[in-house]
Asks: 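Have a look at this one before I ask anything.
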Amino acid sequence: MDIYDELGVKKLINCAGTYTVVGGSRMSQNSLEAICEAARNHVLIKDMQKAVNSKIAEMTNNEACCVTAGAMVGVYLAMASCVSLKHGKAIRYISSEDLAKTEILMFRAHRNPYDRGLSLIGCKLVEVGYANNIDMIDEYGFECAINENTAGVLYLPSTDGGWVPPGALSFEKTVEICSRHNIPVVVDAAAQLPPKSNLWNFTQHGAAAVLFSGGKYLCGPQTAGLCLGKKYLLDWVDANNFPNYGIGRIHKVGREELAGMYVAVKEYINRDEALELENAEKIVEMFTSSFNKDDSFEFVRAFPNEAGQPMARAKLIIHNSLFSAEKIRDWLLEQDRAVFSMVENGYLYVNPMTITKEEAEYILEKYKELNAKGEI
Ligand SMILES: *Cc1c(COP(=O)(O)O)cnc(C)c1O
């Protein structure tokens, strides 16, 4: 009997991906152990932050780092720090009038539920362009949105096949224009690992900061994330952040998560990404080769995945009208050993990112069982 049995909470095999609703990824064993070790002793949090942040900065080829309580908090803290940079003060010392007239700029195509925290800063969020192909924004249109109150730009990298719609300037163009106006660009790359090189690519190409989720592919604590980037901005992140009584106090990161994040990053830097991508291909191949068009359904390889990560998934194509993606999803979830998957734009997928080989084999058996039944 484990903790979930004791609590009566149903355990899930997660073949949807690193979705937070099911806990993102599985933490690495070493990261977990680091958390236990860290919990055993007291330290000055500032000492621990300094040590962990400087080591992570070094490992990721960045000037500075701040471990945050997740990427969404990173978005909030980094943009708040653009505001601090503009006013030369931590947020708690800036008057609400000054905050209210300060602007954060975003392409409308980049708006998403993770930018909601920005409203807590108390400044204006200015949108530019449209989230589609009509009247595409150009350099002039973007420059017209910049003025003396603009503190920073929040940017979402779009990846082929990911969920970010068209309607923004390229990252390179955005950085070029912003650097002319001395405006920091912050990149929300929460789910943009792999590739590993994204840890330094954006910041080496002009972003002031980039944010990552700790609980996705990094396999660190689910309640942690990374803000990486230039010292001139990260100094303000520190000023606003816990353990100071600033805006960062509401989402503190303990010594346990700091230790867990440090070990997760250290491990990730040494992980064999090519091998992981190859293993993912093998799982996808297991599914695509098991059924064909004479069966109730078959799988095809889909690439890249839902977040635009360069990792293949198996996409279910249904031939038998007695089945539907929703019915299959529900049936898998009802099994004693429940399988959690998600329907996206009408399609069901098996995402190898969050399953073991054994779990993949079990899921395949379930699909074979379903195919043999011929109906639900
Ligand atoms: C997952 C995600 C986040 C949130 O990450 P957390 O670490 O869970 O806070 C933010 N932005 C984007 C684009 C994401 O995909």
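Just so you know, these numbers come straight off a predicted model, no measurement behind them. Heavy-atom basis, side chains included; hydrogens, waters and symmetry copies ignored. Ligands are counted one by one from 1 in listed order, and the atoms in each one are counted from 1 as well.
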Asks: Can you give the donor-acceptor pairs under 3.5 Å from side chains of residues 191-199 to other protein atoms, not counting sequence neighbours?
Replies:
residue	atom	partner	partner atom	Å
Gln192	NE2	Ala307	O	3.2
Lys196	NZ	Tyr268	O	3.4
Lys196	NZ	Ile269	O	2.9
Lys196	NZ	Arg271	O	2.6
Ser197	OG	Asn201	ND2	3.4
Asn198	ND2	Gln192	O	2.8

Asks: Looking at residues at least two apart in the chain, or sitting in another chain, which of them share a side chain to side chain donor-acceptor pair (under 3.5 Å) with Asp238?
Replies: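 With sequence neighbours excluded, Asp238 shows a side chain to side chain donor-acceptor pair (under 3.5 Å) to no residue whatsoever.
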
Asks: Tell me whether the count of non-hydrogen atoms from other residues, nucleotides or ligands lying under 6.0 Å of CD in Glu58 goes above 12.
Replies: no

Asks: In a check of side-chain contact (heavy atoms from CB on, under 4.5 Å) between Leu125 and each of Leu154, Leu105, Ile104, which one passes?
Replies: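 That would be Ile104.
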
Asks: Walk me through it: do Tyr367 and Phe299 pass the test ring pair (Phe, Tyr, Trp, His ring centres under 6.0 Å)?
Replies: CA-CA 10 Å; Tyr367 270 105; Phe299 285 92; 4.9 Å; yes

Asks: With a cut-off of 3.5 Å and sequence neighbours excluded, list every side-chain donor-acceptor pair involving residues 217-230.
Replies:
residue	atom	partner	partner atom	Å
Tyr217	OH	Glu276	OE1	2.2
Gln222	NE2	Gly23	O	3.1
Gln222	NE2	Gly215	O	3.3
Thr223	OG1	Glu257	OE2	3.4
Lys230	NZ	Thr203	O	2.7

Asks: Could you list each N/O atom of ligand 1 together with any protein N/O atom closer than 3.5 Å, one pair per line with the distance?
Replies:
residue	atom	partner	partner atom	Å
ligand 1	7 (O)	Ala71	N	2.8
ligand 1	7 (O)	Ser213	OG	2.5
ligand 1	9 (O)	Ala71	N	3.1
ligand 1	9 (O)	Met72	N	2.9
ligand 1	11 (N)	Asp188	OD1	3.2
ligand 1	11 (N)	Asp188	OD2	2.7
ligand 1	15 (O)	Lys216	NZ	2.9

